[in-house]
Amino acid sequence: MQPAPSPLSADETLQANQRLSRWREDLQDTVLAVAVPTGSVLAAIGTAVSWFKQDGAMALSNVAALAFLLWLRHHRGLGTRTKGAGIVLITTGMGLSFLFNDIGAFSLPWLCAAPIMAALLLGRSAALTVTALIGLVAFPLGYGLDLPLAPLPLLPHPELMWTLLALNYLTLSIIIAMSAAVLLRRLAMAIDRATRSEHVMAQLAHVDPLTGLPNRRALRETLQKRAGQAGWAGALMFIDLDNFKDINDTFGHLKGDELLVRVARRLSTQVPQPSLVARMGGDEFVVLFQADPEPSAPLSDQAMKKAEQLRQAMTKPFALPDQQSVSTRISIGMTLLPAGLQSPEDAMREADTALYQAKGNGRNQVVIFEEAMHTALHQRMLLANDLTHALRHTGLWVAVQTQVDAAHRPVGAELLVRWSHPERGNIPPGQFIGMAEHSGLIVPLGEWMLNQACELALRLQATGHRFPLSVNISAQQFRQPGFEQQVQNILASHGVPPQALMLEITESLTMTDKGETIDSMARLVDKGFRFSMDDFGTGYSSLSYLKRLPLHELKIDRSFVDDLPHDANDVAIVRMILAMADNLGLKAVAEGVETQAQADFLVAHDCHSMQGYLFSRPQAVDAWLAALPASPVRHPAPHAGVTPV
Ligand code: C2E
Ligand code: MG
Ligand code: MG
């Protein structure tokens, strides 16, 4: 799908021509640089001889030739062709001057050199013209005027000798002129080819090979150009496909590429020149929107109208080959550039920040950059620094929330991270887990939580209670290389069996790299670990896929429990999830149970366990352990034949 290279632009053709004439200029300079000193010596000798012979005209022609040569060499305003013609003229002139001054033998090398000079400096036609002029005019004239040449002893007749001389001259000159012309044509072709390949390379370096759109580098260069352009106004829009990863995973990378090509085409039709559409890579596109130079509406209105138009245009399904139709949505982050671009870097950072916000706000929308977003970004960076510090200096602690069965007996508990910030007080995980995932801090945080879970599992075991402790495992943590080994090492270092924990994952993990995720989970299950699908129902797992995941438990998301038992939709959804869990042989846990009515509904529909404020709030470890009922309950073996710890 490589875009065909475009023909050479007028600029590039001009460049190729300029290269050839630069080559000729070099040649001329060399000829003149050598001709001036050697010509001076010759002229000096010639003048002296002419003086001695009392031949004033000859002396004058020598001086005139030298002066002309010097003028050619030092006159800067002369064009390449004029200079070339000058050199040819002086060479021919010298030859003729010798011929007509009765020293014919001297004239021959000059007359031979003239066509060669013409071929090299002016081209084939000039060479042939000079050859014809000299061969067909000078020699007959020589004959007619009976100029004295050294007579050839074998040829007593002067006409025969002159004819032979002219033929020799013509043959030799034509051969030399043609050879030089071929050499020159080859050189011109080589220069043209070099220009062409430079052109293709420059194109490749500036074009995205998949879509044929300008790439990141081309965009950056255009931004640089606009930065210096007075009176330019517009907007920079960063565009991201909302569900591209899912599309790639579901339909495969080839179809994903097809979609990108179609998105590029649709964007291009929506954004006519002089605005620009570029692809930054992956599913990221950029539009550099140029505002109307005679604005009928404020810049923000014009740009917003265009961005909304783009967003709308993308909502129409894309037809892929094989009659497949795919729907996608886009998020747009935009920064306005009312008085050109002060700095392309700033503009790109601003548009990117706005895009981040658009995605954070729930995607499929347009967000215009505001200064406050930078502040928010800055705050997030500060928070990340503080979290790094907290991880090292015990600023984090663990809260535990019990899960109960229908008889309100504890059958599980979830560990939830807590952060006591020295200045900002308690920061709920909702405010820093996302940041931790973004910054990669979730990896050490998750490792710390697993260690805490192991310590608690040992203390729990000591009380005689035997139920698993649930630990939230973020997708980033699960996907980091070596996670499987790390989790086993941590448990082994504490002497805790895998059955003591329940690893809570979310649907987002299972949406990407499906095969690898399933394999990795299966290996851990083989070692005795168990998995729970957290916040179930909020993702987009297909049922057929769910069946392939080696799960032990589904946690019904709190949003479905909130309006039970009044909301008919939630009732239907929860009943369906419970039925599905039953069919798949999975345990079901309902999250966020706050009212007795919710609990009654869940128990009536055979929900295995419940978690929520109705039974217990998350508590610090010591308080939670102290609040556990004194005599542990012996449970029947949980689902799927897992041995309780
Ligand atoms: P989650 O895993 O779904 O945890 C359940 C959340 O619901 C907890 O919020 C819990 O305090 C809250 N909750 C429990 N019962 C009720 C209830 O009856 N009513 C209401 N309104 N809320 C209830 P929390 O502790 O704020 O945690 C929020 C989310 O942060 C968690 O959702 C989880 O996704 C994440 N999280 C917490 N700790 C960790 C952790 O150690 N690692 C990772 N990766 N994520 C964590
Ligand atoms: Mg959870
Ligand atoms: Mg949850």
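In each ligand, atom 1 is the first atom listed, and ligand 1 is the first ligand listed.
A salt bridge is defined here as a Lys NZ or Arg NE, NH1 or NH2 lying under 4.0 Å from an Asp or Glu carboxylate O, and Glu308 with Arg311 meets this definition. In summary, Glu504 and Lys555 engage in a salt bridge, as defined by a charged side-chain N under 4.0 Å from a carboxylate O. Between Arg329 and Asp240 there is no salt bridge, since no side-chain nitrogen of the basic residue lies less than 4.0 Å from a carboxylate oxygen of the acidic one. Contact check on Arg262 versus Glu258 returns a salt bridge, with a Lys/Arg side-chain nitrogen under 4.0 Å from an Asp/Glu carboxylate oxygen.
Listed for the Gln365 side chain is a donor-acceptor partner under 3.5 Å among the backbone atoms of Arg363.
Around the Mg ion (ligand 2), the protein N, O or S atoms found under 2.8 Å comprise Glu414 OE2, Asn472 OD1, Glu504 OE1, Asp534 OD2.
Between Phe478 and Phe483, the angle of the ring planes lies from 30° to 60°, which puts this pair in the tilted group.
Checked by atom type, the side-chain pair Glu484/Ser520 shows a donor-acceptor distance below 3.5 Å.
Remark: Gln431 pairs with no residue by the side-chain hydrogen bond (donor to acceptor under 3.5 Å, both in side chains) rule, at least two apart or across chains.
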Quick one: side chains of residues 277-285, donor-acceptor pairs under 3.5 Å with protein atoms, not counting sequence neighbours, listed by atom name and distance.
| unit_1 | atom_1 | unit_2 | atom_2 | d |
| --- | --- | --- | --- | --- |
| Arg279 | NE | Gly282 | O | 3.0 |
| Arg279 | NH1 | Asp208 | OD1 | 2.9 |
| Arg279 | NH1 | Asp208 | OD2 | 3.0 |
| Arg279 | NH2 | Gly282 | O | 3.1 |

Taking a 3.5 Å cut-off between nitrogen or oxygen atoms, can you list every pair linking ligand 1 to the protein, with distances?
| unit_1 | atom_1 | unit_2 | atom_2 | d |
| --- | --- | --- | --- | --- |
| ligand 1 | 2 (O) | Glu414 | OE2 | 2.9 |
| ligand 1 | 2 (O) | Asn472 | OD1 | 2.9 |
| ligand 1 | 2 (O) | Asp534 | OD2 | 2.8 |
| ligand 1 | 3 (O) | Asp535 | OD1 | 3.1 |
| ligand 1 | 3 (O) | Glu591 | OE2 | 3.1 |
| ligand 1 | 7 (O) | Arg558 | NH1 | 3.3 |
| ligand 1 | 15 (N) | Gln401 | NE2 | 2.9 |
| ligand 1 | 18 (O) | Tyr613 | N | 2.7 |
| ligand 1 | 19 (N) | Glu594 | OE2 | 2.5 |
| ligand 1 | 21 (N) | Glu594 | OE2 | 3.0 |
| ligand 1 | 22 (N) | Arg558 | NH1 | 3.0 |
| ligand 1 | 22 (N) | Tyr613 | OH | 3.3 |
| ligand 1 | 25 (O) | Arg418 | NH1 | 2.9 |
| ligand 1 | 25 (O) | Arg418 | NH2 | 2.9 |
| ligand 1 | 38 (N) | Val417 | N | 3.1 |

